[in-house]
There are 2 protein chains.
Amino acid sequence: MVSIISVAKAAGVSNKTVSRVINGEPHVTEETRERVEKAIRDLGYVPNMAARQIRSSRSNTFGIITDYVSTTPYSVDIVRGIQDWANANGKTILIANTVGSSEREAKIWKMFQSHRIDGVLYVTMYRRIVDPAAGDVSIPTVMVNCRPQTAEDWPSIEPDDFQGARDLTRHLLERGHRKIGYIRLNPILLGAELRLDAFRQTAREFGLADSDLSIRLGMEGPVGAEENYVFAAATEILQQRDRPTAIMSGNDEMAIQIYIAAMALGFRIPQDISIVGFDDFRTVSMALKPQLTTAALPYYDLGLQGAEWLNRVVAGDKIRPSRRVLACKLIERDSVCSV
Amino acid sequence: MVSIISVAKAAGVSNKTVSRVINGEPHVTEETRERVEKAIRDLGYVPNMAARQIRSSRSNTFGIITDYVSTTPYSVDIVRGIQDWANANGKTILIANTVGSSEREAKIWKMFQSHRIDGVLYVTMYRRIVDPAAGDVSIPTVMVNCRPQTAEDWPSIEPDDFQGARDLTRHLLERGHRKIGYIRLNPILLGAELRLDAFRQTAREFGLADSDLSIRLGMEGPVGAEENYVFAAATEILQQRDRPTAIMSGNDEMAIQIYIAAMALGFRIPQDISIVGFDDFRTVSMALKPQLTTAALPYYDLGLQGAEWLNRVVAGDKIRPSRRVLACKLIERDSVCSV
DNA sequence: CAGTTCAATGACAACGTCGACAATTATTGT
DNA sequence: ACAATAATTGTCGACGTTGTCATTGAACTG
């Protein structure tokens, strides 16, 4: 393999001078620099990261540890955000999935250590309170889309489910809806409670009574093997005598079944029934007809800002661990109309 | 950082002996081995991959280079398959996305080289004929979900779109459907033509005339900004006097709109109209009601086998570049009935 | 013009690991 | 008991880089 030494020989300079050129250090004549650069090009030399790392004991690598994220369609955008940041800042990214196994997680931390990772982004697919097995290790860590048991442990960055659900609810209320159905997310997901709370609270603020709200459970059970009641729940809600004029869905995916339930009963969307989702999982929200009004989870920015934050922590910025929250933007499409 | 030397000191042996223990080499007394292992545990020593790599000039790392894969919900399973294989075989994975930019792609190859990657898995999101800018580099490469311009360049592994579409068509024909609609995938995708050809050919084999087939374009235009005609096409097909009893969808996502179009016209699925998808994109195929019968793209296995194959190439197995094809399994759910 | 400063370059060591080989000790055969 | 053999352990150098310090020579100061 062509090394810095071969380049030095070819350019007739010392290896240190080549090193200076590569790293853009000063104290190199323009003429020497050009000679070296030519040699680099001619030989196709590319610096060896491993050697660099060993010398500087900095790997310039971040690790992403996830439960299912990169294996799941939903939140790949988090990973994309991280990758984009890393790419723009000359960092390398190592990704590994625990698949929920803590044995596997321990192995991953070992692997990260053996690569002398500078920092870790701990990402979960479903927003949750987690307790990374990182205990025994002290690699700087930022939690993305989840939150540590005790707020002091690590910095965390999450979507603002509450605000998203509030905005969505307001959106409906401001358009005159006074009877609203709500089909709940699987309660084991942290976002589920937040979204429901926001819905309830906002409805109350607008003077709605509890009896104006038809709240039903849409799913429950362990992730990946949940019971699905969405279709039945939507059908039931829509058949009530004094039926709601709008239904909020726990997420976009569940909205598919609400659409189908509504249509099976002969309702037109949105004329007869308005529907809103959550997540802006575009494969669904844009494939539905009419396209779904929803709140966009800021996944990409979660990743981007998480990486940036981690970088600051790694660089030694003494930021005390804190929770940061990113807004969910309301995406107005065609599934809501005024009454 | 704790190195092999600190361990050696702690255990009262030479660093070479520690190295032997770490790598499970013979010629170490059981007693010494234990002493060393204790020291390793006490000090929390983890071998330094970078050092290992410069010593052995083998990085044990594979690179994944993709267009949009890891940024897109569809084919993350490919990545998961690769990761699982890598994990089981002690390899490290580096992922990078070109996002379609060839400038970016060039940078990625450089990055891979600087990490002294052993081999590259070239993965595309949409099956296509590609021509990696790898030309100037000679890193062993296996193409996954795509195919090189000239078959001799690199080995490739792809899903068998033709077989999948054939099986799906047969499934309908065997259930007595004699008038079938087909809503086409965006023609810029390689799979589009294969699937359509299989549909046409199989229908002909069963004695159907061209007039029994209602073939419509569902989407066209550049990926990410395509025109969507699915709903209109489905509506039109279903309003024909002698309408089809079944519709094949270019993929699962498009099937959403077919469902909605059918329901809007008052058809029940599958009693009045059978529908099949393609891909088995479970977020959609299982969320639909009734659940969608479809053909599963073997993404996970594509990744797994691609990685395994690459490993053999890297190890020096003189396999001449060839195309390998993996079957798409028919997934029978509830959206089809006999007529 | 002597003395000082500074830019350009190089020599060398060290990072952590492991392969080649040497040295030491234990075991075996006669 | 003594050489021959085998098992165990150690020494040293090299991988590719860059940090530290040294050297050279030219430009500047007064």
Side-chain angles (χ1 to χ4, degrees), chain A residues 1-40 43-61 90 92 110-118, chain B residues 1-40 43-61 90 92 110-118:
Chain A
M1 200 65 215
V2 30
S3 80
I4 209 171
I5 297 179
S6 2
V7 175
K9 258 185 216 138
V13 297
S14 77
N15 42 358
K16 179 68 224 202
T17 299
V18 177
S19 170
R20 274 189 266 259
V21 171
I22 296 167
N23 296 292
E25 288 171 30
H27 306 308
V28 183
T29 335
E30 194 49 37
E31 189 261 327
T32 333
R33 182 179 305 276
E34 271 162 23
R35 219 168 57 241
V36 171
E37 275 165 354
K38 180 170 181 330
I40 291 179
L43 275 63
Y45 165 78
V46 179
N48 183 326
M49 288 305 180
R52 220 174 240 187
Q53 184 202 130
I54 228 193
R55 185 65 250 268
S56 64
S57 69
R58 269 303 227 72
S59 64
N60 266 304
T61 302
T92 304
K110 271 256 160 15
M111 189 265 275
F112 280 175
Q113 284 183 78
S114 77
H115 282 278
R116 302 297 189 265
I117 293 274
D118 294 331
Chain B
M1 199 67 213
V2 31
S3 79
I4 211 171
I5 296 179
S6 1
V7 176
K9 259 186 214 137
V13 296
S14 79
N15 43 359
K16 179 67 224 201
T17 300
V18 177
S19 170
R20 274 190 267 260
V21 171
I22 297 166
N23 297 292
E25 287 171 33
H27 306 308
V28 184
T29 335
E30 194 49 38
E31 189 260 327
T32 338
R33 182 180 305 275
E34 271 162 21
R35 220 170 54 241
V36 171
E37 276 166 354
K38 180 169 182 330
I40 290 179
L43 275 63
Y45 165 78
V46 179
N48 184 325
M49 288 303 181
R52 232 176 228 187
Q53 185 201 131
I54 63 167
R55 186 65 249 276
S56 65
S57 71
R58 267 302 228 74
S59 64
N60 266 303
T61 302
T92 304
K110 271 256 160 13
M111 190 265 275
F112 280 176
Q113 284 183 78
S114 77
H115 282 279
R116 303 298 190 263
I117 293 274
D118 294 330

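Keep in mind that what you see is a predicted model, and the values were worked out from it rather than measured. Order of the sequence lines sets the chain letters (A, B, ...), proteins ahead of strands, with each chain counted from 1.
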| field | Base versus backbone protein contacts along nucleotides 5-11 of chain C [heavy-atom cut-off under 4.0 Å; B, S, -] | value | --SSBBB
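Put simply, the side chain of B/Thr32 does not reach to within 4.5 Å of the side chain of B/Val21, judged on heavy atoms. Considering only heavy atoms from C-beta on, B/Ile54 stays 4.5 Å or farther from A/Gln53 through its side chain.
Axis orientation changes by 40° from one end of the helix from C/dC1-D/dG30 to C/dT30-D/dA1 to the other, with each end axis drawn from 5 pairs and the value rounded to 10°.
To the nearest 0.5 Å, atoms CE (B/Met49) and CD (A/Gln113) are separated by 11.5 Å. Once rounded to the nearest 0.5 Å, the distance linking CD of B/Glu37 with CD1 of B/Ile22 reads 10.0 Å. Taking NZ from B/Lys38 and CZ from B/Arg35, the interatomic distance works out to 11.0 Å, rounded to the nearest 0.5 Å. Distance check: A/Arg52 CZ to B/His115 NE2 gives 9.5 Å after rounding to the nearest 0.5 Å.
With sequence neighbours left out, the side chain to side chain contact (heavy atoms under 4.5 Å, CB included) criterion links A/Thr61 to A/Ser59, A/Thr92, A/Leu94, A/Ile117.
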Donor-acceptor pairs are to be reported for all side-chain atoms of residues 4-15 of chain B against protein atoms at under 3.5 Å, with residues two or more places apart or in another chain.
{"from": "B/Ser6", "atom 1": "OG", "to": "B/Ser3", "atom 2": "N", "distance (Å)": "2.9"}
{"from": "B/Ser6", "atom 1": "OG", "to": "B/Ser3", "atom 2": "O", "distance (Å)": "3.0"}
{"from": "B/Ser14", "atom 1": "OG", "to": "B/Lys16", "atom 2": "N", "distance (Å)": "3.4"}
{"from": "B/Ser14", "atom 1": "OG", "to": "B/Thr17", "atom 2": "N", "distance (Å)": "3.3"}
{"from": "B/Ser14", "atom 1": "OG", "to": "B/Thr17", "atom 2": "OG1", "distance (Å)": "3.3"}

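Rounded to whole Å, atom P of C/dC15 lies 12 Å from atom CD1 of B/Ile54. The CZ atom of B/Arg55 sits 18 Å away from the P atom of C/dA14 (whole-angstrom rounding).
Residues of residues 44-52 of chain A that place a heavy atom closer than 4.0 Å to DNA chain C do not occur.
At a threshold of 4.0 angstrom between heavy atoms, the contacts of A/Ser3 are confined to the sugar-phosphate backbone, with no base atom among them.
A/Arg116 and B/Val2 get closest at one heavy-atom pair: NH2-O, 4.0 Å.
When DNA chain D is scanned 5' to 3' for any atom under 4.0 Å from a heavy atom of chain B, the first and last hits are D/dA7 to D/dC15.
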